[in-house]
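Everything numeric in this text was worked out from a predicted model, so none of it was measured. We number each residue from 1, following the sequence as shown. Ligands are counted one by one from 1 in listed order, and the atoms in each one are counted from 1 as well.
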Amino acid sequence: MAKTKKVGITGRYGTRYGSRIRKRAKVIEEAMKAPQKCPVCETKVAKRISTGIWECKKCGAKYTGGSYKQATQPGLESQRIATRVQRELIEKSKE
Ligand SMILES: [Zn+2]
């Protein structure tokens with residue numbers, strides 16, 4: 001088989017789908033397959049097991065995230081909002 005030095009992970013697509021699409025898929029797929037930092041034990045061994053589902057290979061923690069990357073900008077934003085609302089509710093209950 002020919003070397004896939006340039007095409008990398010998208011070499012499995014052969015000549016199909018067009019070069020521009022394969023180049024864009026390469027960026028996403030390489031980030032998707034790369035080990036991520038586990039939010040529980042902080043080691044860099046978490047992997048994507050399905051769409052939006054990530055699992056740490058060390059501590060076994062399973063958690064949700066982005067479909068193709070562990071954290072997305074809108075995801076982080078909604079997490080911030082949820083944390084703030086939760087804090088506000090706790091403060092309100094103290095009054
Ligand atoms: Zn972990």
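With respect to the salt-bridge test (charged N to carboxylate O, under 4.0 angstrom), the residues Lys33 and Glu29 do not qualify.
Minimum interatomic distance between Trp54 and Lys69 (heavy atoms only, all atoms of both residues): CZ2-C, 3.2 Å.
Listed by chain and number, the residues in a salt bridge (Lys or Arg N to Asp or Glu O under 4.0 Å) with Arg16 amount to none (sequence neighbours excluded). Applying the side chain to side chain donor-acceptor pair (under 3.5 Å) criterion to Tyr68, with sequence neighbours excluded, gives no partner residue.
Under 2.8 Å from the Zn ion (ligand 1), one finds the following protein N/O/S atoms: Cys38 SG, Cys41 SG, Cys56 SG, Cys59 SG.
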Is there a side-chain hydrogen bond (donor to acceptor under 3.5 Å, both in side chains) between Tyr63 and Glu55 once you walk through the steps?
CA-CA 6 Å; Tyr63 51 94; Glu55 188 178 37; over 6 Å; no

Run the side-chain donor-acceptor check on residues 88-95: report pairs under 3.5 Å with partners two or more places apart or on a different chain.
residue : atom : partner : partner atom : Å
Ser93   : OG   : Ile90   : O            : 2.7

